[in-house]
Structures are given as C-alpha cells and as structure tokens.
There are 2 protein chains.
Amino acid sequence: MVCMSTVSKENYLKAIFNYNVNIGESATTKKIAEELSVSNAAITDMAKKLSEEGLISYEKYKGMELTTEGEKIALNVVRRHRLWELFLVKVLGLNWNEVHEEAEKLEHQTSEFLIDRIDEFLGYPEFDPHGHPIPSKNGTLPKTPKIIPLYEAEKGSTYEFVRVNDRDSELINYLMKVGLLLNTEMFIEDKLKFDESTMVTYNGKTISLSKKIAESIYVKLLKK
Amino acid sequence: MVCMSTVSKENYLKAIFNYNVNIGESATTKKIAEELSVSNAAITDMAKKLSEEGLISYEKYKGMELTTEGEKIALNVVRRHRLWELFLVKVLGLNWNEVHEEAEKLEHQTSEFLIDRIDEFLGYPEFDPHGHPIPSKNGTLPKTPKIIPLYEAEKGSTYEFVRVNDRDSELINYLMKVGLLLNTEMFIEDKLKFDESTMVTYNGKTISLSKKIAESIYVKLLKK
DNA sequence: ATCGCAACTTAAGCAAGCTTAACTTTTTTG
DNA sequence: CAAAAAAGTTAAGCTTGCTTAAGTTGCGAT
Ligand SMILES: [Mn+2]
Ligand SMILES: [Mn+2]
Ligand SMILES: [Mn+2]
Ligand SMILES: [Mn+2]
C-alpha cells in the first residue's frame, strides 16, 4: 500500500500547515515538536515518511514544507476542525473556549459526507468561532481582511476584534468575563509605555489589556 | 499506570457487551473475533489484558464476561454510539442507514461533557433511530417492552415495528424503499410455509417479507 | 470411550509511533 | 573566525495491536 493517512499524519500536516501560514516560513523540527508535544526525533522520523509519500518536501537540516498534495490534506483537516468548532457553538451552545479540544479529536473521525452535511447545515460559513477562515470543500480559503495584533493598533483609531488564538482557553475565558466578544468594535484610548499595556473602550466600557493579551488578539482597522 | 482505555479496548468491551446482551452467554473468542474482524489470537491477547485490568473475567477456554467495571465502560461506549446516531438523524437529517458507521468512529472521541450536552439537547431520549435503548448517564437502560423477531409473529395479530439491526445498511435501505419505518403498525396477514415468508399489511399496503428480513426486524405485540 | 475437528491459545514477528541517548550540523556569539 | 550552544538526526529500543503458524484443549459424532 502507498500508505494511508492516519490521525498522527493528519496532525503533523496540520501543524506544518499552521506554521507555514502563520510564520510564512519552512517549518522547523523544534517548532513542530513543541506544537505536537513529541520529541524532535519523532519529527525527523515522520518527516522522512511524509516526504517519501510526497506530502511534504524535506531536506535534512532544512525544514519542512507542504507539497500541493500535503496542503490539500491539511486544508481538509483544518476544514473539519473549524466546522466542528462552529457547529458545537451554534448548535449545541458550547462556549467558544470549550470547542477546540473537542474539535481536535472529532476532526480525525469525520467522513467527507458528514462534514459536508455539517457545512451545509451551517450555511457554508466562512469563519469559525475564533475568527479563523474555514476552507471550503474544494480547499479554498475565504478572503481575509488585513488584520493586526491589537498590540500594534494605533492610539485614537477604531478597530474590530476579529480573531483570537483558539488554543488558549484561559484567554478566551477572560475575554468572556470582560464581555469582549468577536466582532466587538474597540476604540484605542491609549498605549502605555511603562507596562506596554493598551487601553481600549468597547460597549461604553474602558479597560486596560496587558501586552500579552494585546499580542494574542487580532483586530481589523475600521476608522483611522 | 493502571492502564488507560483505548479505542481498541472500548471496541472489545462493546462487542462483549453486545454479545452478552443479545445472546445472554459468555462471549466466545471466535464470535468476538468475527465481530471485530481480527484474528482469534488477537482476542486471546486482549482478553488477558482486559482480565488483568479487571474489566472482564476470563478463564482460558471458558469465554469472557464483563465485570461491573467493564460493563460500566461498555455502557458508556454504547451510550455515546446511540446518542450520536440519534443526533445525526434528528439534527443533521441523516437517514437511519447512514449513521451507524459515523457513530462507530465518533463514539471514541467524545468527551463526557460533550455527550451530556448532546443528551440534553435531544431531551434525554430513550431509544436510538434503530430502536436500541440508550443508556443514561448513570448507566441504566430504559425499560424495553418484550419484543420478538417478526419471524415469530403470529398470523392475525397486530404488531409495532420497534427495532432493526443497525449494521445492515442494505436492509434499512430496503425498509425505507417500502416505507416501513420504525413504530409502524403491522398486521400479520399470513405466514407462508413453502418459502417461510411473512405477509404483512401496514399503512394500507400489503407486502411479503422474506425469512431473512423477518428474522432481522423486531416487533412488539399490539393486538392479539 | 475415543476420534477428529473446531475452537482456542501460544509463540514469534511486524508496523506505527513514540522514547532516550549519542552523535552531527548549523547558528550564534565573544 | 573559532568555540559554544542550539537544533537536528540517527540508532536502539519500547508499547500497542495486530498477524501467521504451530501446538493444545474440548466436545460432538460415532
Ligand atoms: Mn481550534
Ligand atoms: Mn478555531
Ligand atoms: Mn449503530
Ligand atoms: Mn443504533
């Protein structure tokens, strides 16, 4: 057999995909190892296999990049992940910080038939509950507006909160606590030098967000 | 570590459970091997492990039986399986012959939190789309009325179609084609000796069902 | 009662996906 | 630019869940 896709392989491909998309560079052994919580040796091992199967291009000491074939699989895994996340929020009413872990498991056990039904049921949505774009059935990503970390937002401008890292459940928990939901309009009151915090106003409320938080949430410019 | 539950172990326990429930006897190596499509040797192997973990009682050459602990896990797997089946039918509109395979995978990747939300969403249902009882969160099965294979039904009596094997997608497909749905009221017109078929009337339509079909669908007596 | 066959178990081995430890290459830095 | 540190690779070995092949047990038919 030319070799099947497995849960493990899907996770490797997805991790490489996310790295490529977020960082825009060839994925390194170390980073993928951290992402997947396995040893560096495991990555080198799998890199050889995926390379032989034509799913990534890999040269020793030079990092990994998805081939067209590999990207196709990765996009499919991401599609299943994000559709499940949205489905769990929309249909079962889970909170947006409760869905990532569930989707992480369901994404590997969902037939194309089923995920297409979920897609259809949701009305072919373009973004998941954290603002991540959902690949369509044929592997295309919706156009995403230019977004920046809130940390880079300019004082006096107005932004829309459009994305947050889905892996940090605690962060999302905090955002829920302070009523900062996706698509909220935020005005940048001030940026403090001394602790690098950002002061924002939304829904008539003004709060100060730490550097770490401001780096983790992403916004789209609305009004300069 | 005392040893985790795995997908494989869950499937072994579920198979033994189903055997015990359906046949009412200690599960044999051969039967479970067939059910799971693995070799007899694999069963013996796993029987030792499950026995050591206290999930089944097993004596060489004497078959396998679930312990209380093992049954608890099996009931939980069955609960997840049947809730998923019903959910897919009720919410996503899948046909009752399209859900078994999906549930077979999802049942192993669903947190207790998630399955409880599904249970709640469905209103704590008692039966799945094929008429199988759904174990409650605490592991109790709903009371099931006395049911018999249609093949044993008596001429001149009226029955309700209450259960069908969920594994035979082709059979269910046929039932859909002839409009024989769960909970349909059926009158036994005749039982033919020469081909052992059963003639039934439901919804004003009369058809003849082969021995094999009449053995595979289950009914509850309504009117003698 | 015992023979023969079906059922069952044991033994040896394999593939996947990991690990740790030792070694090599690349990158950083004084 | 050379030495040290970091990153990456290789080698050996482990666990899980299987396989096939060989050997053992139990049971129904004679
Ligand atoms: Mn996620
Ligand atoms: Mn997400
Ligand atoms: Mn089923
Ligand atoms: Mn069922």
Side-chain angles (χ1 to χ4, degrees), chain A residues 1-16 19-20 23 25-66 70 73-74 77 104-105 107-109, chain B residues 1-16 19-20 23 25-66 70 73-74 77 104-105 107-109:
Chain A
M1 196 188 307
V2 189
C3 236
M4 282 271 300
S5 208
T6 65
V7 171
S8 207
K9 282 177 189 172
E10 286 188 350
N11 280 330
Y12 278 81
L13 292 174
K14 189 179 60 161
I16 297 168
Y19 192 86
N20 285 344
I23 318 291
E25 283 173 22
S26 194
T28 68
T29 300
K30 181 111 185 292
K31 289 293 182 183
I32 302 301
E34 276 165 8
E35 170 72 23
L36 297 177
S37 301
V38 296
S39 67
N40 286 359
I43 304 298
T44 304
D45 244 39
M46 186 62 91
K48 284 182 204 159
K49 288 182 205 162
L50 294 176
S51 177
E52 268 164 29
E53 291 175 43
L55 301 177
I56 66 171
S57 65
Y58 165 65
E59 222 181 321
K60 280 207 295 189
Y61 300 103
K62 297 291 171 59
M64 302 163 278
E65 265 169 295
L66 295 178
I73 297 175
V77 180
E104 205 64 24
K105 292 180 290 176
E107 68 187 7
H108 306 291
Q109 308 299 335
Chain B
M1 199 187 305
V2 189
C3 234
M4 282 272 298
S5 209
T6 65
V7 170
S8 207
K9 282 177 189 171
E10 286 189 349
N11 280 330
Y12 277 81
L13 293 174
K14 188 179 59 158
I16 297 168
Y19 192 86
N20 285 344
I23 318 291
E25 283 173 21
S26 194
T28 67
T29 301
K30 180 112 186 291
K31 290 293 182 184
I32 302 300
E34 276 165 9
E35 169 74 23
L36 298 177
S37 302
V38 296
S39 68
N40 286 357
I43 305 297
T44 304
D45 243 40
M46 186 62 92
K48 284 182 203 159
K49 288 181 205 162
L50 294 175
S51 177
E52 269 164 28
E53 291 175 43
L55 302 177
I56 67 171
S57 66
Y58 166 65
E59 222 181 320
K60 281 207 291 190
Y61 301 103
K62 296 291 171 62
M64 303 162 277
E65 265 168 295
L66 295 178
I73 296 175
V77 180
E104 205 64 24
K105 291 180 290 176
E107 68 188 8
H108 306 291
Q109 307 299 336

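Naming: A, B, ... by sequence-line order, numbering from 1 per chain. Quick note: numbers below take in every heavy atom, side chains included, and nothing from hydrogens, waters or symmetry partners.
Atom NZ of A:Lys31 sits in a sparse spot, with 12 or fewer heavy atoms from other residues, nucleotides or ligands closer than 6.0 Å.
Taken from CD in B:Glu10 to CD in B:Glu107, the straight-line distance is 7.0 Å, to the nearest 0.5 Å. Remark: B:Lys105 NZ to A:His108 NE2 distance equals 12.5 Å, nearest 0.5 Å. Distance check: B:Asn40 CG to B:Glu34 CD gives 8.0 Å after rounding to the nearest 0.5 Å.
Following rounding to the nearest Å, A:Glu25 (CD) and D:dA7 (P) show an atom-to-atom distance of 14 Å. The distance from atom NE2 of B:His108 to atom C1' of D:dT16 is 16 Å, rounded to the nearest whole Å. Computed from coordinates, the A:Leu36 CG to C:dT19 P distance equals 10 Å when rounded to whole Å. For the pair A:Asn40 CG and C:dA22 P, the computed distance is 16 Å after rounding to whole Å. Taking atom CD1 of B:Ile43 as the reference point, atom C1' of C:dA6 lies 17 Å away to the nearest angstrom. Between the P atom of C:dA7 and the CD atom of B:Glu35 lies a distance of 17 Å, rounded to the nearest Å. Rounded to a whole Å, the CD atom of A:Glu59 is 14 Å from the C1' atom of D:dT9. Nucleotide C:dG17 holds its C1' atom 12 Å from the CG atom of A:Asn11, rounded to whole Å.
Comparing C:dG17, D:dG17, C:dT9 against the side chain of B:Ser8 picks out D:dG17 as the nearest. For B:Ala42, the side-chain atoms get nearest to D:dC18 when compared with the rest of C:dT10, C:dA21, D:dC18. Among the nucleotides D:dT10, D:dG8, D:dT19, the one closest to the side chain of B:Ser39 is D:dT19. If you check C:dA21, D:dG17, D:dG8 against the side chain of B:Met46, the one that comes closest is D:dG17. Here the side chain of B:Lys49 is nearest to one of D:dT10, D:dG17, D:dT19, namely D:dG17. Among the nucleotides D:dG17, D:dG26, D:dA11, the one closest to any side-chain atom of B:Tyr61 is D:dG26. In the set D:dT19, C:dT20, D:dT9, D:dT9 carries the atom at the smallest distance from any side-chain atom of A:Tyr58. The side chain of A:Ala41 lies closest to C:dT20, out of D:dG8, C:dT20, C:dG17.
One finds no side-chain N or O of A:Tyr12 lying less than 4.0 angstrom from the OP1 or OP2 phosphate oxygen of C:dA16. In this structure, B:Thr44 does not reach the C:dT10 phosphate: none of its side-chain N or O atoms is under 4.0 Å from OP1 or OP2. Using a 4.0 Å cut-off, no side-chain N or O of B:Lys9 falls inside it from OP1 or OP2 of D:dT16. Regarding contacts with the backbone of C:dA7, a side-chain N or O of B:Lys30 is found under 4.0 angstrom from either OP1 or OP2. Side-chain N/O atoms of A:Lys31 include none lying less than 4.0 angstrom from OP1 or OP2 on D:dA7. Using a 4.0 Å cut-off, some side-chain N or O of B:Lys48 falls inside it from OP1 or OP2 of C:dT10.
Residue A:Thr6 is the one, among A:Lys62 and A:Thr6, whose nearest nucleotide of DNA chain C lies closer to the 5' end (criterion: closest heavy atom). Residues B:Lys60 and A:Asp45 both approach DNA chain C. Their nearest nucleotides, taken by heavy-atom distance, put B:Lys60 toward the 5′ side.
Side-chain contact check for B:Tyr58 versus B:Leu50: every heavy-atom pair is 4.5 Å or farther apart.
The one candidate from A:Lys30, A:Glu35, A:Met64 that meets the side-chain contact (heavy atoms from CB on, under 4.5 Å) condition with A:Ile43 is A:Met64.
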